[in-house]
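Worksheet: one structure, shown below.
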Amino acid sequence: MTAPTKPPHTTPTDTPSGSPLGEKLHSPVIDWFDENARDLPWRRPEAGAWGVMVSEFMLQQTPVNRVLPVYEQWLARWPRPADLAKEAPGEAVRAWGRLGYPRRALRLHGAAVAITERHGGDVPADHAQLLALPGIGEYTAAAVASFAYGQRHPVLDTNVRRVFARAVTGVQYPPNATTAAERKLARALLPEDESTAARWAAASMELGALVCTAKSESCHRCPIAAQCAWRLAGKPEHDGPPRRGQTYAGTDRQVRGRLLAVLREAHGPVPQSALDRVWHEPVQRARALDGLVADGLVEPLAGGLYRLPLS
């Protein structure tokens with residue numbers, strides 16, 4: 001059987017803003033979103049910009065079902081940035097629980113302090129001011145500006161990148177890291193109207209999360225299946241660089257998680273001996289602990305004691 005022919009890769013110059021391609025995608029995806037969007041707490045009006053920002057930090061590399069309980073507890077305890085800024089950064093790490101990648105907790109705490117000091121405790125609406133906050137990168141600034149303030153920005157997370165790769169470019173998966181070509185394409189596909197652009201950002205993300213998934217796409221439920229370049233080409237297999245796996249068991253990440261679990265559950269400094277019991281291999285255990293100290297997640301004290309950071 002002859003392999004299906006790949007369509008030529010679409011470049012951003014093929015899809016100028018307001019192009020027929022973009023217009024053909026916007027309405028069906030947004031209409032689908034209106035009918036199928038999940039009722040998530042950070043999408044409700046009462047969440048505000050701070051709730052949106054907290055969710056964006058927590059959702060990075062973490063599924064919604066794991067984020068939901070931690071998010072609810074976090075906002076109940078720290079409903080405004082100033083509430084979090086008053087606390088020691090170690091309390092943010094403690095409340096982060098088992099979400100993983102705990103440096104995100106420190107970054108969120110740092111952002112809360114900066115918001116309190118620079119913006120009177122209100123998450124800024126200006127994209128440049130968001131980008132200037134500690135711990136806020138290109139994606140998070142665009143996401144908060146779009147989802148919280150209804151602004152027109154390309155919001156490129158993994159789900160959106162996969163939808164664009166398949167529907168427009170005709171390949172199964174996007175590159176491992178976001179490229180300049182993807183950013184240009186995302187800008188080209190943005191609706192001109194600001195509120196429609198914000199809705200498009202949320203809708204294309206939800207489509208990637210629920211329908212155009214990484215492992216089991218549901219083309220029969222996709223509102224743009226008829227226009228999808230990858231489906232029309234016969235779904236050619238990925239032929240780019242190997243995709244990065246999410247290994248965990250036996251890694252330094254697992255050891256770091258176990259060490260942090262002991263410190264989170266403790267009410268005071270923890271002796272080295274208590275940490276030694278969480279992992280049998282001393283070299284890896286020491287390396288993981290040193291990494292936690294270097295990342296500012298753990299503070300070493302005199303006498304071989306350790307605690308979550310107070311400053």
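Under the 4.5 Å side-chain heavy-atom criterion for grouping Ile, Leu, Val, Met, Phe, Trp and Tyr, L263 is not connected to L305 through any hydrophobic cluster. By the rule that hydrophobic residues join a cluster once side-chain heavy atoms approach within less than 4.5 Å of another member, I30 and L40 end up as members of one cluster. Under the 4.5 Å side-chain heavy-atom criterion for Ile, Leu, Val, Met, Phe, Trp and Tyr, V255 and W96 are members of distinct hydrophobic clusters. Under the 4.5 Å side-chain heavy-atom criterion for Ile, Leu, Val, Met, Phe, Trp and Tyr, L25 and L190 are members of the same hydrophobic cluster. Note on V93: it does not cluster hydrophobically with L84, by side-chain heavy-atom contacts below 4.5 Å among ILVMFWY residues.
Contact record, L259 with A288: CD1-CB, 4.0 Å, taken as the closest heavy-atom pair. Heavy-atom minimum distance, R44 versus D39: NE-OD1, 3.1 Å. Residue T62 comes nearest to R104 through the heavy atom pair OG1-NH2, 3.1 Å, listed as atom of the first residue, atom of the second, then distance. Here the closest non-hydrogen pair linking V293 and P300 is CG1-CD, 3.8 Å. Among all heavy-atom pairs drawn from L106 and G296, the shortest one is CD1-O, 3.4 Å. P41 and A47 get closest at one heavy-atom pair: O-CB, 3.4 Å.
For the salt bridge (Lys or Arg N to Asp or Glu O under 4.0 Å) with R199, the lone residue among D31, D193, D34 that qualifies is D34.
The backbone N or O of T251 lies less than 3.5 Å from no partner atom in the side chain of R256, so there is not a single donor-acceptor pair. R187 places no side-chain N or O within 3.5 Å of a backbone atom of P154 that could act as its donor or acceptor partner. Side chain of E217 to backbone of Q172: no donor-acceptor contact under 3.5 angstrom is found. The backbone N or O of V54 sits nowhere less than 3.5 Å from a side-chain atom of W50 that would complete a donor-acceptor pair. Of the possible donor and acceptor atoms, none in the side chain of E182 sits under 3.5 Å from a partner among the backbone N and O of P174. For R162 (side chain) and G208 (main-chain N/O), a donor-acceptor pair under 3.5 Å exists by modelled atom type. Not one N or O on the side chain of R307 forms a donor-acceptor pair closer than 3.5 Å with the backbone of G90. Panel note: side chain R285, backbone W279; a donor-acceptor pair is recorded below 3.5 Å.
Here the straight-line distance linking atom CE of M58 with atom CG of L108 works out to 6.5 Å at 0.5 Å rounding. From L310, atom CG reaches atom CD of E299 across 5.0 Å, with rounding to the nearest 0.5 Å. One finds the CD atom of E237 at 10.5 Å from the NZ atom of K235 (value rounded to the nearest 0.5 Å). Atoms CG and CG, from L260 and L308 in turn, are 7.0 Å apart once rounded to the nearest 0.5 Å. Atom-to-atom distance recorded for L130:CG and H153:NE2 is 8.0 Å, nearest 0.5 angstrom. Distance check, rounded to the nearest 0.5 Å: OG of S27 to CD1 of I224 gives 12.0 Å.
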Step-by-step side-chain contact (heavy atoms from CB on, under 4.5 Å) determination, Y101 to R253: CA-CA 8 Å; Y101 303 98; R253 276 188 58 218; 3.5 Å; yes
Derivation of the side-chain contact (heavy atoms from CB on, under 4.5 Å) call for V144 and V123: CA-CA 9 Å; V144 173; V123 176; 4.1 Å; yes
W74 vs L99, side-chain contact (heavy atoms from CB on, under 4.5 Å): CA-CA, chis, key distance, verdict: CA-CA 12 Å; W74 189 284; L99 283 183; over 6 Å; no
Stepwise side-chain contact (heavy atoms from CB on, under 4.5 Å) test for Y306 and L292: CA-CA 11 Å; Y306 295 86; L292 290 171; over 6 Å; no
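Between F164 and W200, the two ring planes are parallel [angle under 30°; tilted spans 30° to 60°].
Within the 4.5 Å cutoff, the side chain of I115 has heavy atoms near those of the M53 side chain. A heavy-atom distance below 4.5 Å is found between the side chains of Q272 and L289. Residues L207 and F33 fail the side-chain proximity criterion, which asks for heavy atoms closer than 4.5 Å. When side chains are defined from C-beta on, V262 does not count as touching R277, because their heavy atoms never get closer than 4.5 Å. Looking at E206 and N36, their side chains never come closer than 4.5 Å, going by heavy atoms from C-beta outward. A 4.5 Å side-chain heavy-atom check between D252 and Q284 finds at least one atom pair inside the cut-off. When side chains are defined from C-beta on, R231 does not count as touching R166, because their heavy atoms never get closer than 4.5 Å. Using a 4.5 Å heavy-atom threshold, the side chains of E56 and Y139 count as touching.
In this structure, E46 places its CD atom where more than 12 heavy-atom neighbours from other residues, nucleotides or ligands lie under 6.0 Å away.
The pair R77-E91 meets the salt-bridge criterion, since a charged nitrogen lies less than 4.0 angstrom from a carboxylate oxygen. Of the charged side-chain nitrogens involved, at least one lies within less than 4.0 Å of a carboxylate oxygen, so that R183 and E138 count as a salt-bridged pair.
Applying the side-chain hydrogen bond (donor to acceptor under 3.5 Å, both in side chains) test to residues at least two apart or on different chains, the pairs with a partner in residues 106-131 are R80-D122.
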